[in-house]
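Since the structure comes first, as structure tokens, the remarks are kept for the end.
Residue numbering restarts at 1 for every chain, and letters A, B, ... go by the order of the sequence lines. Side-chain atoms are counted along with the backbone in the values below, which use heavy atoms only and exclude waters and symmetry mates.
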Number of protein chains: 2
Amino acid sequence: MNVYSISEAAARYHIPESTIRYYEKKGLLPFIERDKAGRRLFSEDQMTLLGTIMCLKNTNMPISGIKQYVDWILEGESTLERRLKMMNDHRKAVLDEIALMTDSIDGIDYKIARYAKQIQERKHGKGE
Amino acid sequence: MNVYSISEAAARYHIPESTIRYYEKKGLLPFIERDKAGRRLFSEDQMTLLGTIMCLKNTNMPISGIKQYVDWILEGESTLERRLKMMNDHRKAVLDEIALMTDSIDGIDYKIARYAKQIQERKHGKGE
DNA sequence: GGTTGACTTCAACCATGGTTTAAGTCGTAT
DNA sequence: ATACGACTTAAACCATGGTTGAAGTCAACC
């Protein structure tokens, strides 16, 4: 079984090592082995978990929510339904957030159009 | 010219009054008049500005960025190009963020599919 | 004329999500 | 043997974006 150092994990997900240590301390990355010098060794499974954590983080799930999710994974099969519901609820929340952002872009586009027009008008007005 | 109270402004944009006071203190809402009892009176223009601020906030522009934008508005016509560029840059950043979220949803969907399958399998396995 | 409701100010407080710093350990290359 | 780079810990520090509390003012209703 291949293992990875913290710098490899950090590089793979484009995050600082300090963030990974912080996540471990918060309980998002349980059971990370160490080599005899005390350095973290990430298994393939833990890299995958970190990938999942990044998906959740990228979609603005709070640390506390991610922690709950990881705790349910550790608890085993009996939490499958809860995990499924959590992911489904989260998916919905993310789609809502994207919709809000998309709507807000319309307001921004309106500003862009107005500024572009005003700048054009000012150019044409020059020298008249 | 119609004017609005802070509670009307809060209701219109679904935010707490405390947030509006906070935004004013941060310089996002300049020149708000008061009645003789010291209560804020929002003009139609200021309500519109608050609407724009909410668009920027909903798309995760930091307060400092919104402040810069408002300062440029106050500075007048000479900042039109800068405002246009800012809105264009922001638009691009928002689209990138939406793309990242959309990609992350794929990871979540994968989990949803796996959990749904595992739950199904467990059901069928029961009683065998 | 007293109470109620909507507002005011200012400062203190809070959660979130990390980042930074200091001091130290280990393995390897010179 | 020593210097270097990669790593470790724990605690302190930081920015962001508000929220909350105390104490007070004012207009209007009973």
Hey, are the side chains of B:Arg39 and B:Ile6 touching, using non-hydrogen atoms and a 4.5 Å cut-off?
no

For B:Thr79 versus B:Trp72, what's the shortest heavy-atom pair and its separation?
OG1-O, 2.6 Å

Quickly work out the B:Ile15 CD1 to D:dG18 P distance and round it to whole Å.
9 Å

Which is it for A:Phe31 and A:Gln46 under the side-chain contact (heavy atoms from CB on, under 4.5 Å) test, yes or no, and what are the steps along the way?
CA-CA 9 Å; A:Phe31 309 131; A:Gln46 282 162 336; 4.2 Å; yes

d(CD, B:Glu17; C1', D:dG18) in whole Å
15 Å

Roughly how far apart are B:Ile15 CD1 and B:Ile53 CD1, rounded to 0.5 Å?
9.0 Å

With a 4.5 Å cut-off on side-chain heavy-atom distances among I, L, V, M, F, W and Y, is there a chain of contacts connecting B:Val3 to B:Tyr23?
no

Salt bridge (Lys or Arg N to Asp or Glu O under 4.0 Å) evaluation trace for B:Lys85 with B:Glu81:
CA-CA 6 Å; B:Lys85 178 175 183 338; B:Glu81 282 86 354; over 6 Å; no

Contact nearer the 5' end of DNA chain C, comparing B:Glu24 with A:Thr19
B:Glu24

Taking all heavy atoms of B:Ala10 and all of B:Pro16, pick out the closest pair and write down the distance.
CB-C, 4.3 Å

Given atom NZ of B:Lys25 and atom P of D:dT19, what is their separation to the nearest angstrom?
12 Å

Go through the steps to decide whether A:Tyr69 and B:Lys111 satisfy the test side-chain contact (heavy atoms from CB on, under 4.5 Å), and finish with yes or no.
CA-CA 12 Å; A:Tyr69 175 67; B:Lys111 286 288 169 188; 3.5 Å; yes

Taking DNA chain D as the partner, which of residues 6-13 of chain A come within under 4.0 angstrom of it by heavy atom?
A:Ile6, A:Ser7

Under 4.0 Å between a side-chain N or O of B:Tyr23 and OP1 or OP2 of D:dG18?
yes

DNA chain D contacts made by residues 32-45 of chain A, counting heavy atoms under 4.0 Å:
A:Arg34, A:Gly38, A:Arg39, A:Arg40

If I take atom CG from residue B:Leu29 and atom CG from residue B:Leu49, how far apart are they, to the nearest 0.5 angstrom?
6.0 Å

Give the residues of residues 50-68 of chain B touching DNA chain C, defined as any heavy atom closer than 4.0 Å, sorted by residue number.
none

Apply side-chain contact (heavy atoms from CB on, under 4.5 Å) to the pair B:Met87 and B:Leu56, showing each step before the final yes or no.
CA-CA 9 Å; B:Met87 290 300 109; B:Leu56 297 176; 4.0 Å; yes

Would you say the side chain of B:Leu41 lies within less than 4.5 Å of the side chain of B:Ile32, judging by non-hydrogen atoms?
no

Where chain A begins and ends its contact with DNA chain C, read 5' to 3' at 4.0 Å from heavy atoms
C:dG17 to C:dG27

Base, sugar-phosphate, or nothing for B:Ser18, non-hydrogen atoms under 4.0 angstrom?
base

To the nearest 10°, give me the bend of the helix from C:dG1-D:dC30 to C:dT30-D:dA1, comparing the axes of its five terminal pairs at either end.
10°

Between A:Arg12 and A:Glu44, is there a salt bridge with N-O shorter than 4.0 Å?
yes

Are any non-hydrogen side-chain atoms of B:Leu28 and B:Tyr22 less than 4.5 angstrom apart?
no

May I have the step-by-step check of side-chain contact (heavy atoms from CB on, under 4.5 Å) for A:Arg40 and A:Glu33, ending in yes or no?
CA-CA 6 Å; A:Arg40 288 167 183 81; A:Glu33 302 290 316; over 6 Å; no

Rest of the hydrophobic cluster containing A:Leu95 (Ile/Leu/Val/Met/Phe/Trp/Tyr, side-chain heavy atoms under 4.5 Å)?
A:Val94, A:Ile98, A:Met101, A:Ile105, B:Val94, B:Leu95, B:Ile98, B:Met101, B:Ile105

Could you state the atom-to-atom distance from CZ of B:Arg21 to P of D:dT19 in whole Å?
11 Å

Rounded distance (nearest 0.5 Å) linking atom CG of A:Leu50 with atom CD of A:Glu24
11.0 Å

